[in-house]
Amino acid sequence: MKTIGVLTSGGDAPGMNAAIRAVVRAGCESGFRVMGIRRGYNGLMYGDMYEMNLRSVSNIINRGGTILYSARSPEFKTEEGMQKAIAVCKEVDMVGIVVIGGDGSFRGARDLSLRGIPCVGVPGTIDNDIACCDYTIGYDTAMNTVMEMVDRLRDTSESHDRCSVVEVMGRRAGYIALNSGIACGATTILIPEVPFDFERDVIERMRRTQKTGKRHFIIIVAEGVGGVQEMSDRIQRETGVESRATVLGHVQRGGSPTVRDRVAGSQMGYRAVELLKSGTGNRVVAMQKDAIVDYDIFEALNMEKSIDLDLYRLAHEISI
Ligand code: ADP
Ligand code: F6P
């Protein structure tokens, strides 16, 4: 019986469990022995893994987080760490590993592939910032969480005629901010991909809408832009509107996955096993225009993705 492994790595994302479930179920049904590797590459380096069966993944499709746990593993990036992982793979005769995570995790998968361990990446990150994918597991759930939280902030901002300046996740990417900002009716959305002028894009815009009778405001700021407390203080000082800053933080990473994330996780996990079954490694599974596709892992890591500037313009045109 051939052995494959599955691990989750980097920031967790709702829907990772659906992907694990699909890998384990499809893997077992395809005749593989499936090893669940705990805590990402840490578990791989230290052999922290267990054999999974069809029932190991019962009752997890609805759960946030990852039953395999996740980690960031600086040691794995060293040649010594990599050699430890390869020795473990050889010991259990691993013929393939499904790596569920973001592009950092895919770089690890690429390095393993280069050293003869076939890997297939499955995109799991709330940030939706993987170049070869239109969609990554966890993104929809995170945006819905943001929407729900900001709707609550809107209630209290409206009651007090206040401004809410809200930081949402996305260290290098503004996808969560842009789309949830539109869904929440934000007055302004600030993202790392688009340069902005605070005076023009926030203060002047607020003043203009104040003249039309607007009395409460929501400003959505991506984590990669940061500085929400300073922004809030400046807004209060310059517009006279009382302002509060909120950092939503890790609530965005938890919670029961939405339909979209459960389905996407299931589809992508399934495709990863199909690839390994046909003897194909060194691939990244992706979603493009709602279809499941796959790319060479090197090609995938060299691709670039850009924010939808038309959507960014639209957001601001209709939020005055
Ligand atoms: P994500 O997968 O969400 O982007 P990270 O960037 O933190 O998260 O990466 C997760 C893990 O993948 C890292 O802790 C490290 O073990 C591994 N990794 C990241 N970058 C590389 C790299 N350039 N080479 C090898 N392994 C890497
Ligand atoms: O990549 C997902 C993400 O949630 C980013 O949006 C955020 O910048 C980062 O992870 C936070 O990482 P940590 O869990 O290490 O605080």
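All residue numbers in this chain count up from 1 along the given sequence. Side chains are part of it too, since the values below use all heavy atoms of this structure and drop only hydrogens, waters and symmetry mates. Atoms within a ligand are numbered from 1 in the order they appear, just like the ligands themselves. All values reported here derive from a predicted model rather than from experimental measurement.
In Phe32, the CZ atom is crowded: over 12 heavy atoms of neighbouring residues, nucleotides or ligands sit closer than 6.0 Å. Residue Lys277 places its NZ atom among 12 or fewer non-hydrogen atoms of other residues, nucleotides or ligands, all under 6.0 Å distant. With a 6.0 Å radius and a threshold of 12 heavy atoms from other residues, nucleotides or ligands, Tyr69 has its OH atom at or below the threshold. Other residues, nucleotides and ligands contribute at most 12 non-hydrogen atoms within 6.0 Å of the CD atom of Glu80.
A salt bridge is defined here as a Lys NZ or Arg NE, NH1 or NH2 lying under 4.0 Å from an Asp or Glu carboxylate O, and Glu238 with Arg234 meets this definition.
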Go through Lys305 and Asp103 one step at a time and tell me if the salt bridge (Lys or Arg N to Asp or Glu O under 4.0 Å) criterion holds.
-> CA-CA 12 Å; Lys305 183 170 179 174; Asp103 55 2; over 6 Å; no

May I have the step-by-step check of side-chain contact (heavy atoms from CB on, under 4.5 Å) for Leu301 and Arg107, ending in yes or no?
-> CA-CA 8 Å; Leu301 284 169; Arg107 287 196 176 84; 4.0 Å; yes

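Applying the 4.0 Å criterion to heavy atoms of Met169 picks out, from ligand 2, the atoms 4 (O), 6 (O). Numbered from 1 in the order shown, with element, the atoms of ligand 2 that lie under 4.0 Å from a heavy atom of Asp127 read 1 (O), 2 (C), 3 (C), 5 (C), 6 (O). In summary, the atoms of ligand 2 found under 4.0 Å from a heavy atom of Gly170, numbered by their order in the structure, are 6 (O). Those atoms of ligand 2 with a heavy atom of His250 less than 4.0 angstrom away are 13 (P), 14 (O), 16 (O).
Protein heavy atom at the shortest distance from atom 7 (C) of ligand 2 is Glu223 OE1, 3.4 Å. Shortest contact from atom 9 (C) of ligand 2 to any protein heavy atom: Arg171 NH2, 3.6 Å. Looking only at heavy atoms of the protein, atom 11 (C) of ligand 2 is closest to Arg253 NH1, 3.5 Å.
In this structure, Gly102 has no heavy atom closer than 4.0 Å to ligand 2. Residue Arg72 places a heavy atom less than 4.0 Å from ligand 2.
Note: Phe76 and Tyr41 have parallel aromatic rings, judged against thresholds of 30 and 60 degrees for the angle between ring planes.
Judged by a 6.0 Å distance limit and a 45° cone about the ring axis, Arg260 is positioned over the six-membered ring of Tyr135.
Partners of Asp93 by salt bridge (charged side-chain N to carboxylate O under 4.0 Å, His left out), not counting sequence neighbours: none found.
For ligand 1, the 4.0 Å heavy-atom shell takes in Ser9, Gly10, Gly11, Tyr41, Arg72, Ser73, Phe76, Lys77, Gly102, Asp103, Gly104, Ser105, Arg107, Gly108, Asp111, ordered by chain and residue number.
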